[in-house]
Amino acid sequence: MKPPPGRRGAAINTDNKFLRNSYDAHEWLVDEPSDLQATRTRFLEEHARQLVNEVKSPDVGMLWSANPYQGCEHGCTYCYARNTHEYWGLSAGVDFEQTIIVKKNAPDLLRRFLDKPGWDGTPISLSGNTDCYQPAEQKFRITRKLLEICMAYRQPVSII
């Protein structure tokens, strides 16, 4: 199914399996365009508790990951990260593309993590679950700050 003009990859907001109730606005039932047709991205700032996460899945190929954003403005329909938006009470459909969660405190969290006694410098992969160079990066520059910190700490880092 091809998305309507001006939209990204998803044509609808899918049901969130974590929510008890769901509401589906069918655009053919209203006279004016629904919120689902809006292409403006909204940014939600999250005060994250941690940034660097241990990856325990043996088939992924990384041991640690860090995601400065959740959701992605690119809106690729095949993206494996879409389902993570449901943990926020959002949809893996249009919400994933138009509601970007921004971890503004990510640089401080990375510094705090790298300062932990006993941290061995194992490589950290940026964006194991979202694109760290999506259009939001131009506005927030969090990925750049994370890379500057990694360079100052001589921390090995990779980017997906």
Side-chain angles (χ1 to χ4, degrees), residues 3 7-22 38-160:
R7 288 270 265 309
R8 297 170 188 140
I12 61 167
N13 251 340
T14 57
D15 288 338
N16 183 327
K17 61 183 166 267
F18 298 107
L19 298 179
R20 181 177 298 217
N21 301 315
S22 66
T39 57
R40 177 167 278 154
T41 302
R42 69 182 177 141
F43 301 99
L44 303 178
E45 290 185 21
E46 183 216 358
H47 187 77
R49 290 178 292 185
Q50 68 180 43
L51 177 72
V52 181
N53 299 294
E54 185 175 10
V55 179
K56 296 181 180 179
S57 178
D59 60 339
V60 176
M62 67 179 93
L63 298 174
W64 297 90
S65 73
N67 294 287
Y69 307 100
Q70 292 295 125
C72 184
E73 291 179 89
H74 292 305
C76 303
T77 56
Y78 55 81
C79 184
Y80 60 87
R82 283 183 173 274
N83 293 335
T84 61
H85 242 46
E86 293 181 337
Y87 292 107
W88 296 93
L90 300 167
S91 166
V94 176
D95 284 345
F96 179 79
E97 306 165 6
Q98 293 181 355
T99 304
I100 308 302
I101 298 164
V102 180
K103 298 176 185 176
K104 296 273 291 224
N105 63 335
D108 293 333
L109 292 172
L110 179 60
R111 269 192 218 91
R112 201 173 330 154
F113 181 84
L114 296 176
D115 282 337
K116 284 183 180 178
W119 172 244
D120 62 2
T122 301
I124 297 172
S125 181
L126 289 183
S127 295
N129 207 24
T130 191
D131 188 342
C132 65
Y133 280 114
Q134 62 180 289
E137 176 61 16
Q138 185 175 7
K139 177 177 182 170
F140 297 104
R141 302 177 64 79
I142 297 173
T143 300
R144 181 179 184 88
K145 291 172 189 168
L146 296 178
L147 291 173
E148 289 170 350
I149 292 166
C150 287
M151 187 169 75
Y153 279 76
R154 300 179 55 85
Q155 169 63 46
V157 65
S158 63
I159 298 174
I160 296 178

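For the single chain, residues carry numbers from 1 onward in sequence order.
R144 places no side-chain N or O within 3.5 Å of a backbone atom of E137 that could act as its donor or acceptor partner. In this structure a side-chain-to-backbone donor-acceptor pair under 3.5 Å is missing from R40 to Q98. A distance-only check finds no donor-acceptor pair linking the side chain of N105 to the backbone of H47 [under 3.5 Å].
With contacts defined as side-chain heavy-atom distances shorter than 4.5 Å, the pair Y153/R111 qualifies. Looking only at side-chain heavy atoms (C-beta outward), N129 and S65 stay at 4.5 Å or farther from each other. For the pair F96 and N83, the minimum side-chain heavy-atom distance is 4.5 Å or more. Between Y133 and I159 there is a side-chain heavy-atom pair separated by less than 4.5 Å. Contact check for L110 versus Q155: no side-chain heavy atoms found under the 4.5 Å cut-off. Using a 4.5 Å cut-off on side-chain heavy atoms (C-beta onward), Y87 and Q70 make no contact. Between L51 and L146 the shortest side-chain heavy-atom distance falls below 4.5 Å. In this structure the side chain of D95 never reaches within 4.5 angstrom of the side chain of E86, judged on heavy atoms.
Look at D115 and R112 and you find no salt bridge, because none of the NZ, NE, NH1 or NH2 atoms lies under 4.0 Å from a carboxylate O.
Applying the side chain to side chain donor-acceptor pair (under 3.5 Å) test between T41 and each of E73, Q134, E97 identifies E73 as the sole match.
Heavy atoms of other residues, nucleotides or ligands lying less than 6.0 angstrom from CD of Q138 number 12 at most.
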For this session: Show your working on side-chain hydrogen bond (donor to acceptor under 3.5 Å, both in side chains) between H74 and D131 and close with a plain yes or no.
Result: CA-CA 8 Å; H74 292 305; D131 188 342; 3.2 Å; yes
Exercise. Can you list the steps and then say if K139 with V102 is a side chain to side chain contact (heavy atoms under 4.5 Å, CB included)?
Worked result: CA-CA 11 Å; K139 177 177 182 170; V102 180; over 6 Å; no
For this session: Give the intermediate values and the outcome of side chain to side chain contact (heavy atoms under 4.5 Å, CB included) for residues L114 and V52.
Result: CA-CA 9 Å; L114 296 176; V52 181; over 6 Å; no
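Of all the heavy atoms in P123 and W64, the pair that sits closest is O-CB, 4.0 Å. Scanning both residues, T143 and C132, for their nearest heavy atoms gives OG1-O, 2.8 Å. The shortest non-hydrogen separation linking T122 to W119 is O-CZ2, 3.2 Å. The heavy-atom pair separating Y69 from R141 by the smallest distance is OH-N, 4.0 Å. Taking each heavy atom of I142 and P68 in turn, the nearest pair found is CG2-CB, 3.5 Å. Taking every heavy atom of both residues into account, N67 and T130 meet most closely at OD1-N, 3.6 Å.
A distance of 8.0 Å separates OG1 in T84 from CD1 in I101, rounded to the nearest 0.5 Å. Rounding to the nearest 0.5 angstrom, the gap separating the NZ atom in K103 from the CG atom in L109 is 9.0 Å.
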